[in-house]
J.: 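Please find one structure pasted underneath; my questions will follow.
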Amino acid sequence: MMSEAEAMGVQRELSQRVIQHDDLPRPVRIIAGADVEYDKHSDRIAGAIVLLDADTKAVLDAATHVMTASFPYIPGLFSFREMPPLLEAYQKLRLRPDVIVCDGHGVAHPRRFGLACHLGLELNVPTVGCGKTRLIGRYDDLALERGATAALLDEMTGDRLGLALRTQTGINPLFVSVGHRVSLGTAAQLVLSMCDAVRLPETTRQADKYAREALEAAIH
DNA sequence: GCGACAG
DNA sequence: ATCTTGTCGC
């Protein structure tokens with residue numbers, strides 16, 4: 001298995017190839033969600049990618065893959081654990097997405113190479129990082145209203161890593177960052193467009209559901 | 001006692 | 001649906 005040091009080297013190398021500006025089909029018609037679910041009692045994991053109609057949010061296609069985790073959970077090396085089942089699931093899809101919203105960060109990462117970057121680069125598909133909790137960076141003065149944003153800043157370098165995005169008024173924000181081939185502004189727009197009356201985007205909710213069902217079916 | 005750590 | 005508390009490691 002790849003060592004931690006090797007994995008970090010891979011991240012530093014590949015991060016050079018991340019594209020941070022818009023290079024995706026417009027308008028976006030098919031938007032995907034990607035998520036991985038874990039079994040509490042074993043190292044079985046299930047990845048799911050679900051394709052939604054960007055306008056109606058109807059599920060157009062979905063694929064899952066259950067396997068044994070080949071890499072431990074280490075903050076910052078998340079993608080080495082979650083990528084394998086997601087790549088397998090992606091190959092099973094019948095349609096191709098215009099963009100994938102990932103359940104994890106993009107460049108809001110210590111080496112600017114979170115799961116969304118890794119998946120986007122590997123598949124050469126536009127991706128957005130959308131985490132539920134912060135990995136690095138700080139923000140303040142985030143207004144309460146739905147749609148409000150605050151820059152997520154690296155405390156040491158001052159780099160803008162992404163945005164804290166309020167998807168519902170008065171509810172804790174999500175953390176949006178560039179994955180690959182999508183600008184930060186577009187990323188935030190896409191995520192917000194997938195949130196109706198709930199905190200999480202429909203892409204993430206559907207992917208989570210499919211992954212959980214696949215894992216459940218594989219174990220029982 | 002204190003705390004930074006995606007899932 | 002969302003948040004948080006207790007817990008563990010340092």
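The model shown is predicted, which means the values in this text are computed figures rather than measured ones. Residue numbers start from 1 in every chain, and the chains themselves are labelled A, B, ... in the order their sequence lines are given, proteins ahead of strands.
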J.: Any side-chain heavy-atom pair from Pro201(A) and Leu174(A) closer than 4.5 angstrom?
T.: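 Sidechains of Leu174(A) and Pro201(A): in contact.
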
J.: Using atom CZ of Arg44(A) as one end and atom C1' of dG7(B) as the other, report the distance to the nearest whole Å.
T.: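 Distance, rounded to whole Å: 18 Å.
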
J.: Is the shortest distance from a Lys or Arg side-chain nitrogen in Asp98(A) or Arg26(A) to a carboxylate oxygen in the other one below 4.0 Å?
T.: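 Salt bridge absent between Asp98(A) and Arg26(A).
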
J.: Please list, by residue number, the residues of residues 129-148 of chain A whose heavy atoms come closer than 4.0 Å to an atom of DNA chain B; answer none if no residue qualifies.
T.: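 Contacts with DNA chain B under 4.0 Å: Lys132(A), Thr133(A), Arg134(A), Leu135(A).
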
J.: Please report the distance separating the P of dG7(B) from the corresponding atom of dG6(C), rounded so that it comes out in whole Å.
T.: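 About 22 Å, rounded to a whole number of Å.
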
J.: Using nucleotides 1-6 of chain C, report all nitrogen or oxygen pairs with the protein that are shorter than 3.5 Å.
T.:
from: dA1(C); atom 1: OP2; to: Arg205(A); atom 2: NH2; distance (Å): 2.9
from: dT2(C); atom 1: OP1; to: Arg199(A); atom 2: N; distance (Å): 2.3
from: dC3(C); atom 1: OP1; to: Asn172(A); atom 2: N; distance (Å): 2.8

J.: Should Lys57(A) and Asp196(A) count as an ion pair when the cut-off is N to O under 4.0 Å?
T.: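 Judged by the 4.0 Å cut-off on N to carboxylate O distance, Lys57(A) and Asp196(A) do form a salt bridge.
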
J.: Any strand counts, and the cut-off is 3.5 Å on both contacts for Watson-Crick or G-U wobble. Which nucleotide pairs with dT5(C)?
T.: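 Per the H-bond distance test, none.
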
J.: For a 4.5 angstrom cut-off between non-hydrogen side-chain atoms, does Leu52(A) reach Gln206(A)?
T.: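 Counting from C-beta outward, Leu52(A) and Gln206(A) do come under 4.5 Å.
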
J.: Watson-Crick or G-U wobble partner for dA4(B), using a 3.5 Å limit on both distances?
T.: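 Because no pair has both required distances under 3.5 Å, dA4(B) counts as unpaired.
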
J.: Do Cys195(A) and Arg146(A) have side chains that approach each other closer than 4.5 Å (heavy atoms only, starting at C-beta)?
T.: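 Heavy-atom side-chain distance check passes, below 4.5 Å.
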
J.: Can you name the one residue among His109(A), Arg112(A), His118(A) that meets side-chain contact (heavy atoms from CB on, under 4.5 Å) with Gln11(A)?
T.: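 Of the listed residues His109(A), Arg112(A), His118(A), the side-chain contact (heavy atoms from CB on, under 4.5 Å) partner of Gln11(A) is His109(A).
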
J.: Starting at atom NE2 of His118(A), determine the distance to atom P of dG7(B), rounded to an integer number of angstrom.
T.: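 Spelled out: NE2 on His118(A) to P on dG7(B) is 18 Å.
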
J.: Looking at Asp39(A) and Arg44(A), does any basic side-chain N land under 4.0 Å from a carboxylate oxygen?
T.: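 Result for this pair is no, no salt bridge flagged.
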
J.: Whole Å only: how far is the CZ atom of Phe80(A) from the C1' atom of dG7(B)?
T.: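 Result: 16 Å.
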
J.: So does Asn172(A) get a backbone contact from the side chain of Arg199(A), meaning a donor-acceptor N/O pair under 3.5 Å?
T.: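 Flag set: sc Arg199(A) to bb Asn172(A) pair under 3.5 Å.
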
J.: Please report the distance, rounded to the nearest Å, between CE in Met156(A) and P in dA4(B).
T.: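 Rounded to the whole Å, the gap is 14 Å.
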
J.: Sticking with atom C1', work out how far dT2(C) lies from dC5(B), rounded to a whole angstrom.
T.: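 Roughly 22 Å separates the two C1' atoms.
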
J.: Round to a whole Å and report the spacing from CD of Glu4(A) to P of dC5(B).
T.: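 So the CD-P distance, Glu4(A) to dC5(B), works out to 18 Å.
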
J.: Nearest whole Å is fine: how far is dC5(B) P from Leu115(A) CG?
T.: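 For the pair Leu115(A) CG and dC5(B) P, the rounded distance is 19 Å.
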
J.: Side chain of Ser15(A), backbone of Arg12(A): donor and acceptor closer than 3.5 Å?
T.: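 Yes, Ser15(A) side chain to Arg12(A) backbone: donor-acceptor pair under 3.5 Å.
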
J.: Contact class for Leu77(A) (heavy atom, under 4.0 Å): base, sugar-phosphate, or nothing?
T.: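 If one applies the 4.0 Å heavy-atom cut-off, Leu77(A) turns out to touch a base.
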
